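Small disclaimer: the values here were computed from a predicted structure and weren't measured. All values below come from the heavy atoms of this structure, side chains included, with hydrogens, waters and symmetry mates left out. The sequence lines fix the lettering, A, B, ..., with proteins before strands; numbering per chain opens at 1.
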Amino acid sequence: MLIFEHARHGRRAAAQAPLTEHSADALPERFRRRSATGLPEVSELQAVRHYTRLSQKNFSIDTHFYPLGSCTMKYNPRGSNAAAMLDGFLGLHPHTPDAHAQGMLGCLFELQEMLKSVTGMRGVSLTPMAGAQGEFAGVAMIRAYHDARGDSARSEILVPDAAHGTNPATATMCGYAVREIPTSDDGDVDMQALREAVGPQTAGIMLTNPSTLGVFERHIHEIAGIVHEAGGLLYYDGANLNAILGKVRPGDMGFDVIHMNLHKTFSTPHGGGGPGAGAVGVGERLLPFMPVPVVAREEGRYRLLLEADMPQSIGRLSAFMGNVGVLLRAYAYMRMLGREGMQRVAEFATLNANYLAVRLRDAGFTLAYAQRRATHEFVVTLKREAKETGVTAMDYAKRLLDYGFHAPTTYFPLLVPECLLIEPTETEAKEDLDAFVEAMAAIRRESQDEAGMVKGAPYRMPNRRFDEVRAARELDLRWQAEG
Amino acid sequence: MLIFEHARHGRRAAAQAPLTEHSADALPERFRRRSATGLPEVSELQAVRHYTRLSQKNFSIDTHFYPLGSCTMKYNPRGSNAAAMLDGFLGLHPHTPDAHAQGMLGCLFELQEMLKSVTGMRGVSLTPMAGAQGEFAGVAMIRAYHDARGDSARSEILVPDAAHGTNPATATMCGYAVREIPTSDDGDVDMQALREAVGPQTAGIMLTNPSTLGVFERHIHEIAGIVHEAGGLLYYDGANLNAILGKVRPGDMGFDVIHMNLHKTFSTPHGGGGPGAGAVGVGERLLPFMPVPVVAREEGRYRLLLEADMPQSIGRLSAFMGNVGVLLRAYAYMRMLGREGMQRVAEFATLNANYLAVRLRDAGFTLAYAQRRATHEFVVTLKREAKETGVTAMDYAKRLLDYGFHAPTTYFPLLVPECLLIEPTETEAKEDLDAFVEAMAAIRRESQDEAGMVKGAPYRMPNRRFDEVRAARELDLRWQAEG
Amino acid sequence: MPFIPHTETDVREMLAAIGVDRTEDLFDEIPARLRAGELEGVPPALSEMETLRLMRERAAQDGALLNFIGAGAYEHHIPAAVWEIATRGEFYSAYTPYQAEASQGTLQLIYEYQSMMTGLTGMEVSNASLYDGASALAEAVLMAVRLNRRAKTRRVLVPRSLNPAWRATAHNIVHNQGIELVDLPYDAATGRVDPAVLADYEEEGAVTALVVPQPNFFGVLEEVDTLSDWAARHGVILIAAVNPLTLALLKPPGEWGETGVDIVVGDGQPLGAPLSFGGPYYGFMCARKQHVRQMPGRIVGRAIDADGKPGFVLTLQAREQHIRRSKATSNICTNQGLVVTASTIHMAILGPEGLARVASASYANTHTLIERAATFGVRPAFTGDCFHEVALRLPRRAGAVLEAMAADGILGGYDLGRISPELDDAILVCATETKTSDDLELYIESLRRALAA
Amino acid sequence: MPFIPHTETDVREMLAAIGVDRTEDLFDEIPARLRAGELEGVPPALSEMETLRLMRERAAQDGALLNFIGAGAYEHHIPAAVWEIATRGEFYSAYTPYQAEASQGTLQLIYEYQSMMTGLTGMEVSNASLYDGASALAEAVLMAVRLNRRAKTRRVLVPRSLNPAWRATAHNIVHNQGIELVDLPYDAATGRVDPAVLADYEEEGAVTALVVPQPNFFGVLEEVDTLSDWAARHGVILIAAVNPLTLALLKPPGEWGETGVDIVVGDGQPLGAPLSFGGPYYGFMCARKQHVRQMPGRIVGRAIDADGKPGFVLTLQAREQHIRRSKATSNICTNQGLVVTASTIHMAILGPEGLARVASASYANTHTLIERAATFGVRPAFTGDCFHEVALRLPRRAGAVLEAMAADGILGGYDLGRISPELDDAILVCATETKTSDDLELYIESLRRALAA
């Protein structure tokens, strides 16, 4: 039932708006609204009940193991939420003069410093509001750098074929052509192809390391040399930073610019699709180009650096300084983990992934890169299973829901047929990994005897499988009052 | 799965305790614990996930219509919760000197004043921690009053047979014998029986008005006269105050002492069984006997009155001043309702109950007191249905769960066979009442064709019906590690 | 109309269905002369925004003093997850779990709570909570009277080292039933009960029960083994009154002496309830299994459903007021469910190691204060070993010293002169794990200044 | 090890299963010379207690000033229920709802959100949110370029009465694709765009799109009907940039002029997002249905499952980066889900009447300030009708005046000198429904004093 179906004309949550009506009669007639807004008219209890019940229809980290590859679905500490929801932070207007926002600016400055330390970069700007905006900022900085040097003929960004879709989409948004670099059989970049692709037209390369295939790019140092030598810059996509946190730093690998997904690595909530935060870090060469605002410390006081302070900046990417509430959660998380906790993230995420990979392999499943170490995630291919029983990766995914597990990422990376990308994260306990293996093994058994049943899954969710094709053809994108 | 079954030795939520171990080595050996505490060793995520999932197994006001008679399951405003959970209130130590607790004391003083106004009493003490403790305080004051007058031979408390079990239990706790007064067929107290029962041994009478039968005691003025004339006092059980809030005040009806269930009438949360708050109000005669602490205002400052300030007080009933957090929620609720909102509570609670009663009657159900107005609740008797189909009130209650409704109170009041006591409260919308009538009618139809099915309900809950007899015989009251 | 969902159309249709013209007609059974007028003591309504602004101002009005008072309520860190989960609507707005099938969340949680409390206290059974520690003691006294049929009198020994507010509460609740609480003195030097004083009460049936606090009100540890053995030897019910947090390190009452105790009560506040000016907290009660049918309050048991699936129900309800009425074990009905919910989550998150660390840090911090105060001659009032609270003897009356410290933003302690004139130069001080070494230093400096003034 | 559940036994068993000796061995593919040393920029760990104490101190450090600034972020009351429900774990810790069957809560909520936003704006389709209003404007510009194939150039008219931060953001995002934002001046007297200036851009295909803010950055109402009709007449895509709260009273963009607009964007902050120093807020985007395949971002549609039961799914995913990669409508991936969750609950609770009351009260409070300021000669900088925000012209430079007011605990307004030297004696002031008449009086007195000084 939709919230609109609980509505009755004249119903109100009367405590939630001014009790007396104020006059806006002076508002000239030609500006006035004459039509209804279509908002629902419900009581406060109805709204509370409706959305409380809706929430129960979701799987989430707080209710289920959620091994969604490339998404780092680890525990979002409730303490981080409490810290960010303090009245003093929530009530602070973004145009508050710096002098009256020192507490907030102090947190943000220290967050910049901590992120510099864990990434090995020289400067950090917190303002991008999601990973994709961080990518945009990064590539825009690469472009601004070349432009500032008068090196404007560089027109191409190199992107491995295993990359997230945001990489090529971002390059396009920055006005670059995208050139795909193939991946070799062992999961690393095809070095021969890279060498052939690099040239004076190369603005830079976007790399995810560990890659989306769940392996560490072993030639990273060599790649950096090749690209740098050609005058290009290296962009680090931080999607998988969790795997190597504190173990190896993008700055030390030779990257010139990176974005971090604070909602992955630093455990701010995914929130059903955001808000994220895509802070960017830069090396020496790109320092002048960082997006504003950036927090500076001068004589013990904090100050926002704006356009006038950083004339070569690519400028602002939002009206204020990004998703501050998310940044505060990341700050709290990093303080609770501390120096020594950073490395543990990588260690236990990697331990969990390798353990789960080995257990699944031993249960008869095929690892896409069995000869490699798993990083914090790994790819299983169900090509053989699909051929033998007709039960596909999607069917496994849906059936897992019935077993009380959120599905891994399916059909990504695109290179691997019938794949599941599985990322358990460091916050899950061994027995939950074991239970996941049991469920996978059970589905395999079911597939042999009752493939049709498995292909009809899920059965225990609020809905069965949807007809998505029809949904896209016969678009129904909003509720409308009848008549 | 129990929380203990998620535990593994050595697992910890490490952010939640001091990071370094402090030494308590100076603690002498003879005082030291040598055995395990048996607490579970789980991660923070495991605890969050376990209790989040557990919560989803509950029906609650926030998720379901919950027409539990005599319990006033109305919307608990989230604003009241936010107000009571402010750091400044939560962090206040109960021994903070009055001078440093003026904000808190101001709220509590104003709450006392508001409660005096809505009940028509002369004084209010907020300290009782639940309705039953409020009852205790009330009867203890009656006793203290008689004792103070040297009128110590009074040994009996009169209680109508329709009363809640807490009434006779409380009288016993105060050292009184209980004499039951029968109820006449129309639901009012049997006046003849009352006259015969009253005498010099009468300490007082405990009345719930409206009574647990869902009707207003029409002879209240006469009853007050009879009891007072005999030297007894009148105790008002506030269980059903919601029905008459602001419409008729216990003080005006002639009551000498009352308790209020703030968790009913003033919508503080029931919390799965408390904490409640059972503030007491008194008339002139009992003012000196109120339980301490009481908040006084003196020259614009607030002060806690303690034993030394009120030498005739029945004293304190808790270590401090009761369930303060609950009191703050009641305070916020009363401020949001305001003067004009108080009467609306009674009006719409009564409107909902009478409407639901009439709709159920029209659907063929039998009202126990059809000739009377319903108050905020009413009694349906399923005696006929039980006889015809074997489907009892309990079966209806369980089957209602399958329809998504919490069951009404069953088998109470004890006077009415196969009864349901139904209290919709003022915060439920008409269409939810209509849906409840539909469900009742549907169960009636099911009872005719598939009585066995109905008697096996519920089917859609986490559990089917329990073997309670066996549970009481083979007591299993705690989890224990094996071995 | 805040919280009322009715539209004008709804009201019209509903009145029509009932067959009356106005809502007012529904009140026609109430005698007109009794009808209330305007409620002048209730101010006009505020919106939620106005209410929250008002209450934010009230909450901030007095500032936040750095708190070193315990005296029955202890400041501890509560994990953020605890109340975020406890205030989820499904826990917050549910009723007592009478309909077991629709209340498995609350019921299983209480079962887990009972398991944790019995583990912590070393006892066999626990109820689902009582109001607070003080009233739980009263219920324990009543229970002891029901249990000890051998006793000729209804006398219960209560040491003066017990929290005086608990003693007063217990008296106020039990005295109408002819039960007498007999004062047992504490040793003025050690601050704990000298077991020798019990010699006066050894006659067969002279007393029903003995209450033993651990730690006692002065923070001092009682000789619990000796006291427990005395009670066992003389057929006296032993009621332990404990701070549950300290049980992470202290011997649990179930292991006191040769036999362990009969009943354990205490206040659950240190396990997840914020100070909140005194409540809501919760009282807990554990006992030997053989006593379970005399326990007051709700009890949850594991049960099997019609499909053979395990689950949980309220059990032994025949003890309770809604069944037994005037013969019930207590009049208790509602208890402190939501606080128990929070506390159970709190205990699960802290676990045995976390709780032990909190207890050790509180112990260590208080002992650091003792050492630091000794450097300028301020020493404990008693020689008995204390846990995480100490009575300090000052060179002058405590009142003015505490006022001076409050001016520094510090709640310096509980003025023991409030309970006894001979202690008017003593303060009861508690430094839990919430205090940093900087905080301790602030305290010591403030105390030193106040004494020097 | 905060947030790590592994016991030593677990680790041992897991390493054995993998067949390595130490966790460190799992990193053996990383070249040794790249391995990081100690992270000196990260301080040692704090407990949650220490972290919360630190952040409470930071949050309280600067006091709370009484805020009269809007300028793109507006202080409104948010019902307590809103964030209590939005931060429930099931919303808070869920991912983007790719697995529809396990995400019906989030999906239905977004469908309801889309319905509310289309209702409010008078448009036919809405996406599931973008980052904020400023970046949503950038996306709208890109979308307009994709839509308007007739335009010969990639020029978009942007009035200087638009929030300058939005203009800058849009430029920064779109300029690499060769799109030019052309300044359109506002009338210095009225503070709004004089439609006559559009005459320069009437040549066929001269411009791709026109952006119209309502209210504009100065709080002034633009002549939206005239501007919209001009765009429709000349084949120019009209992008409305609106404050959604004001749409409770103002004509929705879908009804501007004869045809309504093509695209509506704005910042959803006034509908349930706290100020929070600038974020997280969310950008919204609505459009004509015919444009839906050029919309960026996620879109939810109603669908039918295998049992014929209705439900909700992400739809039209073929537009998005994870499918179309370099040819996607945008690189957006994560949006602002949790804020949308809160905002949807906020709108449901306020409803049409509640929202209208908030808007009216904000309108009335700001106009009261205008009247009161006029009593001592301070008048609006522009003659155009304003809504709930006004540019006041002061008799001196604004900076010092605002500093003096800050010393009174009042954020007196946004210094318009920050955006233009000719406005350095003007402040932008906003008084929403959160301000009482006492607050307004405090403001007026403080301003009067600051000017008198």
Side-chain angles (χ1 to χ4, degrees), chain A residues 13 16-18 22 24 37-39 41 47 54-55 57-62 79 83 86 88 90 92 94 103 117 129-130 132 165 168-170 172 174-175 178 269-276 315 319-320 323-325 335 338-339 347 350 355 429-430 461-464 466 471 476 478-479, chain D residues 5 10 14 23 26 39 41-42 44-45 48 51 55 58-59 61 79 89-90 92-96 101-102 104-106 115 119 131 134 165 172 176 274 276-280 301-303 305-306 311 321-322 325-326 328 331 333-338 348-349 351-352 354 357 360-361 363-364:
Chain A
Q16 299 301 345
H22 290 71
T37 56
L39 294 187
E41 300 182 68
L54 265 195
S55 77
K57 295 186 173 185
N58 273 0
F59 273 33
S60 66
I61 303 170
D62 278 9
L86 291 166
L90 293 184
L92 197 66
S117 183
M129 291 177 288
T170 299
T172 301
C174 289
V178 174
H270 284 83
F320 301 108
N323 287 335
V324 173
R335 295 306 301 260
R339 184 177 297 170
E347 288 167 7
T350 301
Y355 174 72
K430 173 175 175 291
M461 297 290 103
N463 280 96
R464 301 281 308 282
F466 287 102
D476 175 353
R478 60 167 171 157
W479 178 89
Chain D
D10 288 340
M14 294 169 82
T23 306
L26 301 174
L39 302 175
V42 183
E48 185 191 276
T51 303
M55 292 188 78
R58 295 275 172 88
Q61 178 175 332
E90 300 95 320
Y92 189 78
S93 72
Y95 194 70
T96 303
E101 302 87 346
Q104 285 298 301
T106 292
S115 306
Y131 305 130
N172 297 337
N176 285 327
S276 191
F277 205 55
R302 207 196 288 240
D305 76 6
Q321 50 74 28
H322 63 286
R325 303 177 69 86
S326 68
N331 75 341
C333 178
T334 291
N335 48 44
Q336 304 284 106
L338 193 67
I349 290 179
R357 284 189 180 216
S360 310
Y363 180 96

Looking at A/Asn58, A/Leu92, A/Thr172, which makes the most heavy-atom pairs under 4.5 Å with chain D? A/Asn58
Scored by heavy-atom pairs under 4.5 Å with chain D, the best of A/Pro18, A/Gly175, A/Gly315, A/Ala47 is A/Pro18
Once ring pair (Phe, Tyr, Trp, His ring centres under 6.0 Å) is applied, do any residues pair with A/Tyr355, and if so which ones, sequence neighbours excluded? none
Nearest heavy-atom approach of A/Trp479 to D/Ser115 is N-OG, 2.7 Å
What heavy-atom pair brings A/Gly103 and D/Gln61 nearest, and what distance separates the two atoms? CA-OE1, 3.4 Å
D/Thr96: which residues meet the side-chain contact (heavy atoms from CB on, under 4.5 Å) condition with it, sequence neighbours left out? D/Tyr98, D/Arg298, D/Leu314
Heavy-atom closest pair (D/Ile349 atom, A/Gln16 atom, distance to 0.1 Å) is CG2-CG, 3.6 Å
Part of D/Tyr363 lying under 4.5 Å from any heavy atom of chain A: side chain
As an exercise, state the distance from OG of A/Ser117 to CG of D/Leu39, rounded to the nearest 0.5 Å. 4.5 Å
With a 4.5 angstrom heavy-atom cut-off, could you sort out which part of A/Leu86 is near chain D: side chain, backbone, both or neither? side chain
Quick check on the interface: out of D/Ser360, D/Gly105, D/Gly354, who has the most heavy-atom pairs with chain A under 4.5 Å? D/Gly105
Would you mind checking which part of D/Thr106 comes under 4.5 Å of any heavy atom in chain A, side chain (CB onward), backbone (N, CA, C, O), both or neither? both
Donor-acceptor contact present, side-chain A/Arg339 to main-chain D/Pro44, <3.5 Å: no
Roughly how far apart are A/Glu347 CD and D/Leu26 CG, rounded to 0.5 Å? 9.5 Å
Please confirm whether the backbone N or O of A/Ala169 pairs with a side-chain atom of D/Asn331, one donor and one acceptor, at under 3.5 Å? no
Over all atoms of both residues, closest heavy-atom pair of D/Ala94 and A/Phe59: CB-O, 3.4 Å
Taking every heavy atom of A/Pro462 against every heavy atom of D/Glu101, the minimum-distance pair comes out as CD-O, 3.5 Å
Contact leader toward chain A among D/Ala328, D/Cys333, D/Gly311, where contacts are heavy-atom pairs under 4.5 Å: D/Gly311
Out of D/Gly278, D/Ala364, D/Ala348, D/Ala165, return the one with the most heavy atom pairs under 4.5 angstrom to chain A. D/Gly278
Do D/Pro280 and A/Met129 touch side chain to side chain, with heavy atoms closer than 4.5 Å? no
Interface check, chain A: of D/Arg357, D/Met55, D/Glu48, most non-hydrogen pairs under 4.5 Å belong to D/Arg357
Most heavy-atom pairs under 4.5 angstrom with chain D, which of A/Ala130, A/Ala429, A/Cys174, A/Gly88? A/Cys174
Given heavy-atom pairs under 4.5 angstrom as the criterion, report whether the side chain, backbone, both or neither of D/Glu90 touches chain A. both
For chain D, the option from A/Gly325, A/Pro94, A/Gly338, A/Ala13 that forms the most heavy-atom pairs under 4.5 Å: A/Pro94
Using a 4.5 angstrom heavy-atom cutoff, name the option from A/Glu41, A/Arg335, A/Met461, A/Lys57 with the most pairs to chain D. A/Arg335
From the list A/Gly272, A/Ala17, A/Gly38, the residue making the most non-hydrogen contacts under 4.5 Å with chain D is A/Gly272
What's the shortest heavy-atom distance between A/Ala132 and D/Tyr131, and which atoms? CB-OH, 3.6 Å
